[in-house]
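Worksheet for the structure shown next.
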Amino acid sequence: MSEAKATVLLQHYLKQLKLPSFLREYEKLAAVCQQERDDYQTYLLRLAEVELADRERRAAERRVKAARFPVLKTLDTFDFKAQPALNQELVRQLLRGEYMDQRENVLLIGNSGTGKTHLATALAFAACQQGRSVRFFSATSLVTQLLEKRQDRELERFQKQLERLELLVLDELGYVPFSKAGAELLFDVIGRAYERTSLIVTTNLPFEEWTEIMGSERLTGALLDRLTHRVHILEANGPSYRLAEAKRRLKAPAGKAKAGG
Ligand code: ADP
Ligand code: MG
């Protein structure tokens, strides 16, 4: 077989087999392996490794997209010094993701601007990287969507989608009170998640005030019971980072703001 024909066939087969990284790398890697005097098996192994790594990276990107984070945040940009009372060790442990194997939940409590959404996003982002299916919602938007889906008779399908998740983030529970129907639908989601899907919930509300949001003592009790059955609690009770940032910016003369100050 002529070399040109072999090349055309190989490229065709690699496309059919859906091995884009093989296709992209096989020539370059052949040259490298020749230079390093690697045997055929090593060459094949290295190609397979490239394909696998690319495939995992693409899958993680898809999971991040499907999770619909409002803003992408990771732990690299989180300043623990700004939140000294926060249990850093627990954050780092949770980042490894074992809590999801145990279907445990995470509750982030603290005032506005203390980094709860940032941390919840960082944990959920790490879960995406670990191959977990994740979805991020603000609690209010989830309730709105549940009510809409019910109206459109698509509630069941939506609930099934949520049930298939390994991690569900409910951000900012407690900022807006729910209607009775909304609270019941939300409770239903949390009930279905029980021992199936891990939840990360962020809230600015102490437990005593949850009744006001859910509207019913009975519902609140049941909800807290489900949520806190197996839960890791992170408390950020330091000053608002947003506020501190704004103050820093105000103090710094315009155009002369220094980084890190
Ligand atoms: P919360 O959800 O508790 O109201 P956010 O997570 O939305 O607070 O934080 C507000 C802003 O401040 C975000 O841009 C976030 O990235 C940033 N931020 C908060 N805490 C920290 C921190 N400790 N280190 C770095 N950035 C922070
Ligand atoms: Mg928030």
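Remember, it's 1-based here, ligands and their atoms both numbered in the order they're listed.
- With S2 contributing its side chain and K5 its backbone, the two residues share a donor-acceptor pair below 3.5 Å.
- There is a side-chain donor-acceptor pair under 3.5 Å between D171 and T202.
- Side chain of T197 to backbone of L165: a donor-acceptor contact under 3.5 angstrom is found.
- The environment of R157 atom CZ is sparse: at most 12 non-hydrogen atoms of other residues, nucleotides or ligands sit within 6.0 angstrom.
- Side-chain N/O atoms of N111 and T114 include no donor and acceptor closer than 3.5 Å.
- Distances from the Mg ion (ligand 2) under 2.8 Å pick out these protein N/O/S atoms: T117 OG1, E172 OE2.
- Proximity of a side-chain donor or acceptor of T7 to a complementary backbone N or O of E3 within less than 3.5 Å is detected.
- For ligand 1, the 4.0 Å heavy-atom shell takes in K73, T77, F78, D79, A82, N111, S112, G113, T114, G115, K116, T117, H118, Y241, R242, ordered by chain and residue number.
- Atom CZ of F80 has more than 12 heavy atoms from other residues, nucleotides or ligands within 6.0 Å.
- Using modelled atom types, no side-chain atom of K116 and backbone atom of A236 make a donor-acceptor pair closer than 3.5 Å.
- Of all heavy-atom pairs spanning L47 and L29, the tightest one is N-CD2, 3.6 Å.
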